[in-house]
Every structure is written in structure tokens, then in C-alpha cells.
Amino acid sequence: MIVYNPKDWFYSTFYLHRSDTARKLFPLMLALAAYSGGIAYYELEYIKLSDVAWVKNITIVHNLLGFVMSILLVFRTNTAYDRWWEARKQWGTLTNSSRSLAMKMNAFLDKDDQVNRSFYKKSIPLFAETLFTHLRSNKTLFMLDSIEHPEFETLDAAKHGPNQVASMIVSRSASLYQKGLISGDQLLVINNDLNSFTDVCGACERIKNTPIPLSYSSFIKKFIFIYVLTLPVGFVFSMGYFVIAAVPFIFYVMASLELIAESIEDPFGLDPDDLPIDKIGANIRTHVAEII
């Protein structure tokens with residue numbers, strides 16, 4: 001994720017970062033400029049359609065469709081941003097739950113119980129790390145001390161990593177209660193934090209595995225494509241050869257909104273605008289280590 005100063009208009013306006021839509025759309029904008037120039041020359045100089053009165057009214061259709069297009073694009077962008085913000089809230093919840101669980105276990109466990117303290121010190125941030133790799137569909141390696149904690153060897157990278165880690169933490173917590181190291185009330189106190197881990201995982205999977213319906217996304221792309229290709233046909237009579245600059249600009253605005261929506265609707269990827277869940281996971285590990 002790019003961290004920037006939103007009040008710096010010069011940087012935001014003139015700096016072309018890697019995710020800037022101008023870089024991606026520039027070849028298409030050049031092609032549209034050439035296409036618009038060809039249409040303008042053909043209509044004005046060759047077949048002289050400007051002499052036909054009814055053809056000049058084609059722009060009315062574009063004006064009506066432009067209103068529909070604006071509604072579709074606004075809805076598309078808002079929906080994508082809602083997914084991005086929901087993902088950020090879920091990882092914020094995971095951060096808070098990890099800190100809360102670490103604080104409680106630090107208070108509940110005996111100061112000399114280094115084995116169980118070390119377990120929670122490693123397993124709590126491990127959930128965030130396995131969720132991070134799970135959402136990005138990478139195989140994860142559990143770099144933990146197998147001598148002190150042999151239960152970590154039972155983790156199977158081919159299975160659902162976050163579920164394995166959550167089950168491991170719940171099992172250890174239940175074992176502490178059975179051994180009398182924590183009371184039943186203390187087990188109930190940490191239960192909400194344990195449940196929160198699974199809730200966050202399920203919410204992130206919902207965002208990751210439920211994209212915008214294909215029919216809706218495909219319709220918007222087709223709509224933009226047809227709308228832009230027909231713009232020079234009608235506007236050439238009122239704008240002349242200026243359509244060579246106007247049509248690519250209109251395409252840039254419309255297509256950029258669609259590209260931005262595509263970029264942020266999956267917030268767990270590697271794009272510059274995606275959430276830095278790897279850094280969030282690293283912060284959780286640092287905070288838990290400081291607490292326990």
C-alpha cells in the first residue's frame with residue numbers, strides 16, 4: 001500500500017506511480033486518438049455527413065447513456081471500496097484480538113511458565129501469518145521451535161492453515177484449564193478472542209472468494225467500449241477534429257474508474273493499492289512479543 005500525503009496535490013497529480021491507470025491505458029488512448037481522427041476525416045471530408053441534419057442529433061443518445069454510465073461506475077467503485085475497507089477493518093480486529101489475547105495470557109500464566117508463554121508468543125502471531133499466506137494462496141512454512149513445541153510439527157501446509165493454528169490455540173487453552181493452570185472463568189474470558197480469529201478468517205475468505213458477478217463486470221466493460229467507439233460518430237459535427245483529444249480523455253476517465261475498482265476489490269493481492277497484510281502480521285508478532 002502506498003503511503004502518501006493527501007494534501008500534496010502536486011505529487012498526486014503529476015507523479016505516475018506503478019499503479020497509475022495512465023500507464024496502463026496509454027496505448028489504448030493512442031489507438032482511440034487515431035481511430036477518432038479517421039472517423040472525423042471520413043465524415044467531414046469524404047462523405048460529408050455534416051450536411052445531413054438528423055445525423056447531428058446522435059449526440060442526444062450519448063448524453064442519455066452518459067448519465068446511465070455515471071451511475072454504473074459510481075456503484076462499481078463504491079462497491080469495490082466497501083470490500084477494501086471491510087478487509088481493513090477485519091485485519092484491525094485481528095490486531096486488537098491478538099493483543100487482547102496476549103495481554104490476558106500474560107496475566108493468567110505463571111511468570112515461570114516459559115513453555116506455555118513461549119507457545120502463545122509464537123502461536124498468536126502465527127495465525128495472522130498463516131491467514132496472510134492463505135489469502136495470497138502461497139504455501140507457508142512454519143519456522144518455529146519444534147523441540148519446545150512438537151505440536152507445531154502436526155501442521156500440514158496442504159490444509160487450511162488458519163484453522164489448524166486456531167485449533168491448536170484452542171486445544172492448548174483447554175489443556176491449561178484441565179491441568180488447573182487457568183480457571184473456567186479465565187477460559188471464558190479468552191473465548192471471545194479465540195472466536196474472533198475464526199470470524200476474521202471467514203470474513204476475509206468471503207471478500208477474497210466472492211468477486212463482483214462476471215455478468216455485471218463484463219457489461220460495464222462492453223458498455224464503455226461501445227460508448228467510446230461511437231462518440232466520434234456524433235460529436236465530430238460539434239467538435240470537429242477536437243474529438244481526437246476529447247474521446248481518449250473520456251475513455252481515460254471511464255476506464256480508469258473501472259481499473260481502480262478492479263484493483264481494490266481484491267485487497268489481499270500484491271498491487272500497490274492492496275492492504276499491507278504482511279506488515280500488519282509482522283506488527284502483530286512484534287506487539288505480542290512485547291506483551292508476553
Side-chain angles (χ1 to χ4, degrees), residues 2 4 6 8-81 84 211-266 269-274:
I2 298 176
Y4 68 99
D8 188 352
W9 281 52
F10 181 84
Y11 175 85
S12 301
T13 304
F14 296 102
Y15 179 72
L16 297 180
H17 49 82
R18 189 163 61 91
S19 63
D20 200 300
T21 54
R23 293 179 181 272
K24 302 176 182 179
L25 297 176
F26 187 71
L28 288 175
M29 292 170 64
L30 289 180
L32 279 174
Y35 167 79
S36 300
I39 292 294
Y41 176 80
Y42 183 74
E43 291 189 7
L44 296 177
E45 309 295 341
Y46 189 72
I47 59 177
K48 301 184 183 299
L49 277 181
S50 58
D51 297 334
V52 183
W54 67 268
V55 179
K56 298 180 180 180
N57 297 325
I58 294 180
T59 55
I60 298 176
V61 178
H62 290 97
N63 293 335
L64 295 175
L65 292 179
F67 175 74
V68 177
M69 176 70 73
S70 63
I71 295 177
L72 290 175
L73 290 176
V74 167
F75 177 78
R76 175 78 169 94
T77 305
N78 287 344
T79 302
Y81 182 77
W84 187 92
I212 298 297
L214 177 61
S215 58
Y216 183 80
S217 178
S218 176
F219 173 75
I220 291 180
K221 292 179 174 62
K222 293 176 182 177
F223 199 168
I224 293 175
F225 182 74
I226 296 175
Y227 182 84
V228 172
L229 286 184
T230 56
L231 275 178
V233 177
F235 281 92
V236 68
F237 303 114
S238 58
M239 304 177 69
Y241 285 100
F242 186 68
V243 294
I244 298 176
V247 172
F249 178 74
I250 295 174
F251 170 75
Y252 169 74
V253 174
M254 292 184 172
S256 292
L257 291 175
E258 174 64 15
L259 287 179
I260 292 171
E262 290 178 356
S263 176
I264 65 177
E265 71 179 356
D266 181 11
L270 298 174
D271 295 333
D273 292 325
D274 291 332

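For Phe219, the ring-ring contact (aromatic ring centres under 6.0 Å, His included) partners are Phe223, not counting sequence neighbours. Partners of Phe242 by ring-ring contact (aromatic ring centres under 6.0 Å, His included), not counting sequence neighbours: none found. With sequence neighbours excluded, the residues that form a side-chain hydrogen bond (donor to acceptor under 3.5 Å, both in side chains) with Ser256 are Thr21. Residues passing the ring-ring contact (aromatic ring centres under 6.0 Å, His included) test with Phe26: none are found, sequence neighbours excluded.
Summarising the geometry of Thr77 relative to Leu257, their closest heavy-atom pair is OG1-O, 3.9 Å, with the distance given to 0.1 Å. Closest approach of Trp84 and Asp273 over heavy atoms only: NE1-O, 2.9 Å. Of all the heavy atoms in Ile224 and Met254, the pair that sits closest is CD1-O, 3.8 Å.
Ile226 CD1 to Leu65 CG: the interatomic distance, rounded to the nearest 0.5 Å, is 10.0 Å. Atom CE of residue Met69 and atom CZ of residue Arg76 lie 13.0 Å apart, to the nearest 0.5 angstrom. Atom-to-atom distance recorded for Tyr252:OH and Leu259:CG is 10.0 Å, nearest 0.5 angstrom.
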Show which side-chain atoms of residues 211-218 pair as donor or acceptor with protein atoms under 3.5 Å away, not counting sequence neighbours.
residue, atom, partner, partner atom, Å
Tyr216, OH, Leu72, O, 3.4
Ser217, OG, Lys221, NZ, 2.9

For residues 28-40, tabulate all N or O donor-acceptor pairs below 3.5 Å that involve a side-chain atom, not counting sequence neighbours.
residue, atom, partner, partner atom, Å
Tyr35, OH, Leu229, O, 2.8
Ser36, OG, Leu32, O, 2.8

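The 12-atom threshold is exceeded at OH of Tyr241, counting heavy atoms of other residues, nucleotides or ligands nearer than 6.0 Å.
Taking 4.5 Å as the limit, every side-chain heavy atom of Asp266 sits out of range of all side-chain heavy atoms of Asp274.
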